[in-house]
Amino acid sequence: MEKQTFEISGMSCAACSTSIEKNVRAMPGVKRADVNLLANRMTVEYETDRVTENTIIRKVEATGYGAAALHPEKSEPKAEAGHNLFVGEAQQLKQRLTLSVIFLIPLMWISMGHMLGLPLPNWLHGAENALAFSFSQFLLTLPIVFINRKFFTSGFKALWNRSPNMDSLVAIGATASLIYGIYAVYQIGWGLGHGDFARLNRFSMNLYFESAGTILTLITVGKYLEARSK
């Protein structure tokens, strides 16, 4: 019987740690698996003749997260590496947040500025420019989606493994907003081409691209603050 500690990456909520524990504990030869969400660590007791470090790591990775074994003889360098991991995560999230806000501000201005009395350029104003109005929002949303693509890779992978987490909720919500927004753009194009201005006006006011951008950006704020606290 051996007891080993692993460093876990990619966890975002209690559902993540629960999912990892459940999957690792189900492995033949594993007697105990405990995950510390705050410290990003997992302690596993297992039978060496039935399971190895590498198989445990592969199981964690298959669940949608990252893992690396920590060895006692290298505890101090690993502790320093763990500190650097938190610092690096915070810096990465700060960069993601900054870039997301850069694209979110014009997106919100175009989509909701008129509600606050903010002027729009002539080429974005009026029913005749509805296609440019909607497509501009789509183009501003795409970079935010790409910058925060980790939500989708992690969230849908966890969903595929029947262990949904917070990233899964974010990915589903943002994806639904994007798909409906794209559908609305096609409806606007149909309305312009057929002179159906009632359809055009209805879908111009119901794009929801800004919802996808806002969801991704606000959750990134939370993740950045969490990384800073760690």
Side-chain angles (χ1 to χ4, degrees), residues 1-100 146-172 216 219-230:
M1 186 73 68
E2 184 168 333
K3 187 176 182 179
Q4 179 62 52
T5 301
F6 297 84
E7 185 129 47
I8 307 297
S9 60
M11 293 191 296
S12 59
C13 62
C16 299
S17 58
T18 302
S19 173
I20 294 170
E21 285 181 350
K22 183 183 71 173
N23 283 280
V24 174
R25 286 173 181 172
M27 296 177 67
V30 172
K31 297 301 180 183
R32 184 175 180 179
D34 298 302
V35 178
N36 186 320
L37 176 62
L38 190 61
N40 282 359
R41 298 286 175 90
M42 175 179 67
T43 303
V44 183
E45 292 183 16
Y46 61 94
E47 299 174 4
T48 54
D49 58 335
R50 300 183 66 189
V51 67
T52 65
E53 287 182 4
N54 289 334
T55 54
I56 294 172
I57 290 172
R58 286 197 295 270
K59 186 66 174 180
V60 174
E61 291 174 345
T63 309
Y65 307 91
L70 302 178
H71 297 282
E73 64 273 13
K74 300 179 181 179
S75 58
E76 288 196 16
K78 282 294 183 180
E80 181 64 28
H83 172 72
N84 291 335
L85 177 67
F86 289 134
V87 173
E89 182 185 7
Q91 290 175 343
Q92 184 186 49
L93 285 165
K94 183 179 181 180
Q95 184 180 35
R96 277 172 53 184
L97 177 59
T98 302
L99 292 172
S100 297
F146 178 76
I147 292 164
N148 297 286
R149 60 192 178 278
K150 190 174 180 180
F151 286 121
F152 299 91
T153 56
S154 171
F156 285 124
K157 192 170 185 179
L159 193 63
W160 177 260
N161 288 302
R162 293 180 293 180
S163 302
N165 54 25
M166 188 181 73
D167 288 353
S168 302
L169 295 176
V170 175
I172 291 171
L216 295 170
I219 299 299
T220 303
V221 172
K223 284 184 173 287
Y224 171 63
L225 293 175
E226 181 184 32
R228 282 289 303 273
S229 68
K230 287 182 179 179

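- Qualifying salt bridge (charged side-chain N to carboxylate O under 4.0 Å, His left out) partners for Arg25, counting only residues two or more places apart in sequence or in other chains: Glu21, Asp34.
- Arg50 meets the side chain to side chain donor-acceptor pair (under 3.5 Å) test with no other residue; sequence neighbours excluded.
- With sequence neighbours excluded, the residues that form a side chain to side chain donor-acceptor pair (under 3.5 Å) with Ser154 are Asp167.
- Rounded to the nearest 0.5 angstrom, Gln92 CD and Tyr224 OH are separated by 13.0 Å.
- Distance check: Thr43 OG1 to Lys3 NZ gives 6.0 Å after rounding to the nearest 0.5 Å.
- Under the 4.5 Å side-chain criterion, counting only non-hydrogen atoms from C-beta, Met42 is in contact with Ile56.
- Annotation: the span from Ile219 atom CD1 to Leu93 atom CG amounts to 12.0 Å, rounded to 0.5 Å.
- Applying the side-chain contact (heavy atoms from CB on, under 4.5 Å) rule to Thr98 yields the partners Lys94, Ile102; only residues at least two apart in sequence or on another chain are considered.
- Listed by first and then second residue, the salt bridge (Lys or Arg N to Asp or Glu O under 4.0 Å) pairs involving residues 151-160 amount to none (not counting sequence neighbours).
- The minimum heavy-atom distance between Ala14 and Leu37, with the atom names listed, is N-CD2, 3.7 Å.
- Distance check, rounded to the nearest 0.5 Å: OG1 of Thr5 to CZ of Arg41 gives 7.5 Å.
- Within a 6.0 Å radius of CD in Glu45, other residues, nucleotides and ligands contribute more than 12 heavy atoms.
- The side chain to side chain donor-acceptor pair (under 3.5 Å) search around Thr55 returns Thr52, not counting sequence neighbours.
- Remark: Glu89 CD to Asn40 CG distance equals 6.5 Å, nearest 0.5 Å.
- Qualifying salt bridge (charged side-chain N to carboxylate O under 4.0 Å, His left out) partners for Lys31, counting only residues two or more places apart in sequence or in other chains: Glu47.
- Within the structure, side-chain hydrogen bond (donor to acceptor under 3.5 Å, both in side chains) contacts touching residues 60-70 (residues at least two apart or in different chains) are Tyr65-Asn165.
- Across all non-hydrogen atoms, the minimal contact from Ile57 to Ala68 is CD1-CA, 4.4 Å.
- Val60 is not listed as a side-chain neighbour of Phe6, based on a closest heavy-atom distance of 4.5 Å or more.
- In this structure a side-chain-to-backbone donor-acceptor pair under 3.5 Å is present from Arg149 to Phe146.
- Closest of all the heavy-atom pairs between Ser168 and Gly155 is OG-O, 2.7 Å.
- Every side-chain contact (heavy atoms from CB on, under 4.5 Å) that Leu225 has, sequence neighbours left out, goes to Val221.
- To the nearest 0.5 Å, the span separating CG on Leu216 from CG on Leu97 amounts to 12.0 Å.
- Listed by chain and number, the residues in a side-chain contact (heavy atoms from CB on, under 4.5 Å) with Lys22 are Ser163 (sequence neighbours excluded).
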### Task
Show the numbers, then the answer: is there a side-chain contact (heavy atoms from CB on, under 4.5 Å) between Met11 and Val35?
CA-CA 10 Å; Met11 293 191 296; Val35 178; 3.6 Å; yes

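- Inter-residue side-chain proximity for Val51 and Val44 is flagged as unmet; no heavy-atom pair is nearer than 4.5 Å.
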### Query
After noting the C-alpha distance and the side-chain angles of Thr220 and Phe151, does the key distance pass the side-chain contact (heavy atoms from CB on, under 4.5 Å) rule?
CA-CA 9 Å; Thr220 303; Phe151 286 121; 3.5 Å; yes

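- In this structure, Gln4 contributes its side chain and Leu70 its backbone to a donor-acceptor pair below 3.5 Å.
- Side-chain contact between Lys150 and Lys223 is absent, with no heavy-atom pair separated by less than 4.5 Å.
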